[in-house]
Participant: 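Let me begin by handing over the structure; questions about it come next.
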Amino acid sequence: LNDATSLHALEQVFAPFKTKRSTLCERAREVGLEPLATAVLHSEPPTMGPTSMAQLRQLSPEHAELLAQLVAEAFYKHPPAAQLVDEAITRHGVVQTTLRSVGRCKELQALAPAQLAELQGRFRSYDDYRKPVRWVVPHAWMAITRGENDHALSVTIKFETGGAEEHLLSALKQLVIRDFPGLATPGLWPPEKKTLLRLSVQIAYEKHLLPRAERSIRDDLNVKSEVQRVECFARNLRGVLMQPPLRMAAVNSPAASTTASGAGGSPSPHLLAIDPGFAHGCKFVVLSASGDVVDTGKFFLSSVSSRAVT
């Protein structure tokens, strides 16, 4: 836990211990399929043993599906499998966005025509947007996120080509064959075990590994966008705070010219700041162009007051 540097990394650490509501895996355990799943994954080759092999061949279609869910659970909780899918979709994934159809979105249907036109106009440039994950810039992702939150955009993360996804599935299959003793020497498998492996890999990938990888990409893009947003704000704020309090040309009034000629130099601009008040007087401060305090004091506006300027 101490080594987890992101929410996604923490999720991977916690995944083997996460408890969920009743699932197909729980149902498979209830009907007694967990020992068979353990034999499929961990029995040494070349065989699983006569009893396990007979059980595998006699499974009904429903129980075969439940067994595949149990085997898939072991696959998607295997950290190297999650890492393989994360790296593949980061290298070969694309972010694709389209404007949402009004007929399929009740939030858009509730908008007035003018509001709908304004909303769609703001995100029109992201209709049919397609960009590799590694090339999505932070400001574009922030706009895409706003569009998705406003129900204007539909956002998906998928592979660039079908061939890249097929290659990943093949690599995932080879990885689990390598890492689980019961899956070694696939040339000796019966047909039922080959079908089970293909189905289990597909379930693990589509239902768990791919959605987890998509969440990881979204988390990374959100972090990069937030960092850039804060850095941009910091640069702008620094420019505001570091600028001089007064930046102006020399005053060209006759009084200023007389003062400047009498002093033998160019007129120096000043800034007069006043805090108005009647009962307690008006406080003022005079600042130089560099921000130095030239003078402070108080004066009263009421003509009936006998108090002088202090």
Side-chain angles (χ1 to χ4, degrees), residues 1 4 8-89 158-159 162 164-216:
L1 291 177
H8 178 63
L10 183 62
E11 184 183 47
Q12 287 187 327
V13 173
F14 182 61
F17 310 99
K18 190 174 183 179
T19 58
K20 301 180 180 180
R21 293 175 296 178
S22 180
T23 62
L24 292 175
C25 291
E26 293 297 328
R27 185 179 172 190
R29 291 187 177 94
E30 290 173 0
V31 298
L33 291 175
E34 188 168 24
L36 181 57
T38 302
V40 169
L41 292 171
H42 301 291
S43 293
E44 293 294 336
T47 63
M48 297 188 303
T51 304
S52 299
M53 191 69 69
Q55 290 177 341
L56 185 61
R57 288 178 175 146
Q58 295 170 4
L59 287 177
S60 66
E62 180 184 0
H63 283 184
E65 171 71 21
L66 293 176
L67 179 62
Q69 294 287 344
L70 273 181
V71 176
E73 181 184 51
F75 291 166
Y76 72 74
K77 288 185 176 181
H78 189 48
Q83 183 180 359
L84 176 67
V85 177
D86 288 350
E87 293 176 352
I89 199 168
K158 57 177 65 176
F159 281 94
E165 190 168 26
E166 291 176 3
H167 178 76
L168 173 61
L169 285 171
S170 177
L172 182 60
K173 180 179 177 181
Q174 295 303 318
L175 182 142
V176 297
I177 289 175
R178 181 198 69 191
D179 292 352
F180 288 89
L183 301 179
T185 61
L188 301 177
W189 293 356
E192 294 83 1
K193 190 170 182 179
K194 293 180 180 179
T195 302
L196 174 65
L197 176 65
R198 183 174 64 253
L199 182 59
S200 300
V201 168
Q202 195 75 23
I203 292 172
Y205 171 74
E206 293 180 352
K207 302 297 185 182
H208 302 280
L209 294 174
L210 184 59
R212 183 188 299 176
E214 291 177 357
R215 291 195 300 270
S216 174

Participant: Hey, could you give me the NZ/OG distance between Lys173 and Ser200, rounded to the nearest 0.5 Å?
Facilitator: 11.0 Å

Participant: Considering all heavy atoms of both residues, which atom of Pro80 and which atom of Leu175 are nearest to each other, and what is their separation?
Facilitator: O-CD1, 3.9 Å

Participant: Pair Asp179, Phe75 - check side-chain contact (heavy atoms from CB on, under 4.5 Å), show working.
Facilitator: CA-CA 10 Å; Asp179 292 352; Phe75 291 166; over 6 Å; no

Participant: Would you compute the distance between atom CG of Leu24 and atom CD of Glu30 and round it to the nearest 0.5 angstrom?
Facilitator: 11.0 Å

Participant: If we ignore hydrogens and angles and just use 3.5 Å, is the side chain of Thr195 paired with the main-chain N or O of Pro191 as donor and acceptor?
Facilitator: yes

Participant: How far does CD1 of Ile89 sit from CZ of Arg212, to the nearest 0.5 angstrom?
Facilitator: 13.0 Å

Participant: Show the atom names and distances, to 0.1 Å, of all donor-acceptor pairs under 3.5 Å that link a side chain in residues 59-70 to residues at least two apart or in another chain.
Facilitator:
residue	atom	partner	partner atom	Å
Ser60	OG	His63	N	3.3
Glu62	OE2	Arg27	NH2	2.3
Glu65	OE2	Gln69	NE2	3.2

Participant: For a side-chain contact (heavy atoms from CB on, under 4.5 Å) check, start with the C-alpha distance between Glu214 and Leu210, then their side-chain angles and the critical distance, and finish with the verdict.
Facilitator: CA-CA 6 Å; Glu214 291 177 357; Leu210 184 59; 3.9 Å; yes

Participant: Do the side chains of Lys193 and Leu183 get nearer than 4.5 Å, heavy atoms only?
Facilitator: yes

Participant: Under the criterion salt bridge (charged side-chain N to carboxylate O under 4.0 Å, His left out), I'd like the reasoning laid out for Lys207 against Glu73: C-alpha separation, chi angles, the key distance, then a yes or no.
Facilitator: CA-CA 10 Å; Lys207 302 297 185 182; Glu73 181 184 51; over 6 Å; no

Participant: With Leu199 as reference, evaluate Leu196, Ile203, Leu197 under the side chain to side chain contact (heavy atoms under 4.5 Å, CB included) test and give the passing residue.
Facilitator: Ile203

Participant: Indicate yes or no: at least one non-hydrogen side-chain atom of Tyr205 is less than 4.5 angstrom from one of Leu168.
Facilitator: yes

Participant: Rounded to the nearest 0.5 Å, what separates atom NE2 in His167 from atom CG in Leu172?
Facilitator: 11.5 Å

Participant: Please round to the nearest 0.5 Å and tell me the distance separating atom NE2 of His208 and atom OH of Tyr76.
Facilitator: 4.0 Å

Participant: Please confirm whether Phe180 and His78 have ring centers closer than 6.0 angstrom.
Facilitator: yes

